[in-house]
Amino acid sequence: MYKVSVLLLAGLVSSVPVRRQAKLDQAATAQAQQFDATATRAFTATEIKTSDGKCWTIDPLGGDFRENLIPITTAACTGAKEQQWDVLTAGKHNNRAGFANVVSTLTNGCLNFDPRRAAGNQVLLFSCGGRADGEGQVTDSQLFPFTGGAGPLTLSPANTQGATCLVAKNGVIDQAACDKSAGQQFTFGAGGAASGGNGAAASSPAAASSSAAASTSASAASTSAAAPAASSKTTLPITKLDQAATAAANTRDDTATRAFSDTTVKTASGKCLQATSGTGDFRNNLVPIQVVPCDGSAGQKWDVITKGKHNNVNGAALIVNTAIQGCMNLDLRRQAGNQVNLFSCGEGAVTDSQLWKFNGQATNAIQSASTGNNANKCMVEKNGLLDVADCTGAAAQTFTFGNGAATGGATGGAAGGAAGGATNNTSTKAAASTSAAASTSSSAAPASTSSSTPATGSTTTLPVTKLDQAATAAANTRDDTATRAFSDTTVKTANGKCLQATSGTGDFRNNLVPIQVVPCDGSAGQKWDVITKGKHNNVNGAALIVNTAIQGCMNLDLRRQAGNQVNLFSCGGRADGGYLSHLLKISTSDACTEGALPTLFSLLPPGNNANKCMVEKNGLLDVADCTGAAAQTFTFGNGAAAGGATGGAAGGATSSTSTKAAAATTAATSSSAAPASTSAAAPATSAVTTLPITKLDQAATAAANQRDDTATRAFSNSAVKTADGKCLQAVSGTGDFRNNLVPITVETCNGSAEQKWDVITKGKHNNVNGAALIVNTAIQGCMNLDLRRQPGNQALLFSCGGRADGEGAVTDSQLWKFDGQATNPIESASTGGNAGKCLVNNNGRLDVTACTGDATQDFTFA
């Protein structure tokens with residue numbers, strides 16, 4: 001009976017569209033709602049009609065102060081600007097072929113579906129890209145499948161995977177389960193179908209002129225809304241290039257041997273590979289490779305280089321876009337669908353991510369020549385882009401070099417390459433002319449690769465990044481106060497190889513550096529310190545493992561893509577050189593005396609990473625569940641033991657020259673973030689989970705997390721205890737800059753402010769009987785469950801109401817069943833995706849699981 005009454009009330013509320021009149025902040029609105037002049041428009045200034053002939057209508061003052069959160073109503077069609085819409089098939093906020101943004105022509109806000117909001121208020125206009133301040137990029141809550149045509153068609157948000165469709169209901173646009181009923185059918189009409197999909201809004205002359213400029217800079221990017229998907233081009237947004245950085249990043253190798261020059265690369269279906277300048281980043285890196293009809297344009301011309309500055313491997317070739325001078329590159333660490341791009345050739349050396357098997361023939365598969373991660377990977381067309389798949393030998397994986405000037409196969413040298421380049425267009429000549437000026441520093445010696453070396457002994461060659469010396473010095477500094485159990489030592493795998501980190505193979509700060517497993521050679525990159533106490537370690541029985549040359553800590557981040565979760569990172573967990581994190585438990589595999597560390601160990605991180613051990617995979621250090629297998633054991637050897645727990649800074653005196661240089665920069669860093677309080681002596685089951693500290697934006701934090709003084713509290717300033725007597729804790733600064741996304745840990749009770757909670761049964765963010773908010777008293781953030789996040793990171797504190805900026809109302813992701821009793825499971829009150837979900841202690845973190853009624857899922861407010 002209770003549930004029925006709530007549903008009836010919801011129906012009454014949503015049946016009458018209530019418009020509030022917001023006072024707009026003009027500056028904030030201008031920033032949040034920006035016209036995308038680069039976009040491809042299938043329709044512009046068009047009406048969207050319901051099946052009964054009414055038009056979608058908006059009131060610009062019906063949302064918040066930024067023109068966000070505007071409801072869409074249905075009304076008689078009048079042709080008013082409040083009823084005009086653009087349909088964008090590509091642009092700054094849409095990089096997915098076959099999808100569209102639906103944008104108000106008047107406000108420039110995007111149609112958005114947010115299932116976290118209250119029922120009846122989930123379909124609204126919001127800043128395109130999904131960030132309230134207009135700084136968002138692409139979000140699937142604003143993408144709708146669209147293959148062209150005016151309809152009738154359904155609109156299903158991409159974040160529902162086809163389960164939910166928009167529906168006209170009670171005078172508003174709402175959502176319902178997809179059933180293809182009349183209420184879910186909409187038609188684009190009475191406005192302008194954009195010519196070629198790239199017309200500017202008729203109501204905006206300025207937009208028209210900027211659109212024309214965009215179409216000029218993006219060569220041959222026209223699309224037809226009516227064209228079938230198989231023959232349409234993927235239109236890509238244009239980036240403003242930094243000319244100096246572009247010239248340095250992509251220079252022509254005039255010394256190279258070219259098997260083909262200025263040639264096309266055709267698919268089995270006769271289409272051509274094309275790269276368009278300006279569709280990647282500011283250096284012209286990360287440029288997607290499209291598969292389009294052949295037109296002879298400069299973007300469709302390629303060189304095949306069998307020998308040169310960036311290729312020293314027999315039987316392999318670089319495939320280089322002649323106009324851009326970037327190399328075809330495969331990076332499986334990137335998101336699926338975006339792993340094949342143009343990238344700067346070798347960055348001064350050789351990388352097997354850009355080497356492709358080549359036997360001199362014009363027709364073949366484009367197969368990676370790597371013996372590492374990329375082995376047996378072949379190029380293939382997917383959705384109009386060049387993509388990657390396992391090699392199968394299928395015809396669809398064959399490509400033909402043709403219509404270009406062959407320079408005599410493997411014997412064609414620099415002269416042939418220069419001649420082949422003479423026919424290039426102006427942009428190619430410009431790129432060639434900058435070749436002499438773009439001196440690339442190869443301070444990191446190229447890794448030697450041999451096509452005949454077996455996979456077990458191969459070195460994974462990594463691209464080299466130009467470092468920002470000041471940022472690097474600040475991010476990675478030597479801790480001269482630390483206690484080192486080992487200093488300047490090797491870390492060997494069970495099969496006798498060494499862990500190695502190469503400076504410059506991560507980001508510009510020397511963070512995110514992969515850790516390779518390679519033959520031992522005694523080089524500086526293979527030397528490590530084991531720190532048992534210091535600025536970034538205050539936990540007994542745990543150690544930091546620090547690369548001596550780089551001074552970065554071995555770091556495990558399970559939020560990153562599989563295969564790229566173990567890297568060096570600034571000790572303390574802050575990219576800029578902040579404070580505590582990266583602790584690794586030393587799990588012994590043989591007996592040892594107290595006060596000394598064994599040399600045989602497994603790398604076992606605590607907290608959310610519990611029971612995860614380091615292991616070699618495909619030539620890189622990776623992570624797996626701990627099994628006790630020999631392959632998960634490592635040995636500290638060939639280094640100077642610093643005297644166990646008593647060895648201090650003096651133990652580091654044997655460090656290499658590069659380490660001394662790093663030590664000299666120590667004074668440049670500051671540990672402004674206070675260390676998290678941890679109990680070093682606690683056993684593993686009660687160990688404190690140490691979290692990285694974020695610098696808060698005080699104004700944004702104050703806005704996002706406000707105390708509701710009107711609320712009714714069943715418990716106030718109370719502890720929340722697990723069934724085994726531990727306490728839930730949230731530490732300020734361990735989430736984002738607004739104090740959102742703060743993890744909730746399970747700790748030994750200590751009465752601190754971080755362990756105090758309010759239980760709110762009624763207030764600004766709770767209007768549901770039988771449900772409660774659980775609010776951290778110190779932070780004023782609400783316990784929030786978001787199943788879209790990665791497992792293990794779904795139960796967090798978030799701004800009450802569900803909006804990051806504090807402007808949310810009520811969301812069922814923060815409502816928990818509550819009957820007034822002190823002891824009960826913390827069970828979601830949602831009737832949607834969170835239904836039947838209960839919170840539980842998972843290795844020291846509050847996590848989510850299916851409700852079982854088991855006593856271990858009970859919590860007590862005390």
Side-chain angles (χ1 to χ4, degrees), residues 491 493-494 499 515 517 530 532 537-545 553-569 573 580-592 597-598 600-618 620-636 676 678-692 722-724 726 728-729 734 743-748 789-796 838-850 852 854 856-857:
V491 184
T493 62
L499 303 191
I515 301 171
V517 181
V530 180
T532 55
N537 182 5
N538 60 5
V539 178
N540 289 332
L544 302 171
I545 302 179
C553 279
M554 187 182 292
N555 185 76
L556 172 61
D557 187 348
L558 295 178
R559 300 169 302 176
R560 295 181 63 82
Q561 188 172 351
N564 190 30
Q565 296 172 330
V566 181
N567 293 289
L568 284 196
F569 203 82
L580 288 162
S581 191
H582 307 301
L583 300 179
L584 293 165
K585 187 161 43 176
I586 301 298
S587 176
T588 65
S589 56
D590 56 358
C592 62
L597 283 172
L600 190 63
F601 67 98
S602 60
L603 300 179
L604 176 64
N608 200 38
N609 296 342
N611 201 41
K612 298 295 183 184
C613 281
M614 299 296 100
V615 66
E616 175 188 358
K617 287 183 187 175
N618 300 316
L620 292 172
L621 193 64
D622 208 336
V623 63
D625 290 335
C626 298
T627 63
Q632 294 183 356
T633 60
F634 296 79
T635 301
F636 297 124
T678 62
S679 173
T685 55
S686 63
V688 174
T689 302
T690 306
L691 301 165
T722 62
D724 60 355
K726 296 207 176 87
L728 301 190
Q729 174 175 296
T734 56
I744 302 168
T745 57
V746 182
E747 314 286 2
T748 302
R789 296 182 65 84
Q790 188 169 352
N793 194 32
Q794 297 172 329
L796 301 158
C838 283
L839 299 190
V840 66
N841 175 14
N842 181 13
N843 294 315
R845 283 282 291 268
L846 193 64
D847 206 345
V848 62
T849 187
T852 63
D854 188 84
T856 60
Q857 294 184 355

**Prompt:** Going by an N to O cut-off under 4.0 Å, is there a salt bridge joining R845 and D847?
**Reply:** no
Enter the distance from [X]:[atom1] to [Y]:[atom2] here, rounded to the nearest 0.5 Å.
X: L728; Y: K726; atom1: CG; atom2: NZ; result: 11.5 Å
X: K612; Y: L556; atom1: NZ; atom2: CG; result: 8.5 Å
X: N841; Y: T722; atom1: CG; atom2: OG1; result: 6.0 Å

**Message:** Do L499 and F634 make a side-chain contact, defined as non-hydrogen atoms from C-beta onward lying under 4.5 Å apart?
**Reply:** yes
Taking the side chain from [X] and the backbone from [Y], do they hold a donor-acceptor pair closer than 3.5 Å?
X: D622; Y: V615; answer: no
X: D854; Y: T856; answer: yes
X: N842; Y: G792; answer: no
X: Q857; Y: A850; answer: yes
X: Q794; Y: R789; answer: yes

**Request:** Grab the two heavy atoms, one from A494 and one from A630, that are nearest each other, plus how far apart they are.
**Result:** CB-O, 3.2 Å
**Asked** Taking all atoms of both residues into account, what is the closest heavy-atom pair of V623 and K617, and its distance?
**Response** O-NZ, 3.2 Å
**Message:** As a test of understanding, state which of L558, L621, L620 forms a side chain to side chain contact (heavy atoms under 4.5 Å, CB included) with V566.
**Reply:** L621
**Single hit among V840, T745, I744 for side chain to side chain contact (heavy atoms under 4.5 Å, CB included) with L846** = I744
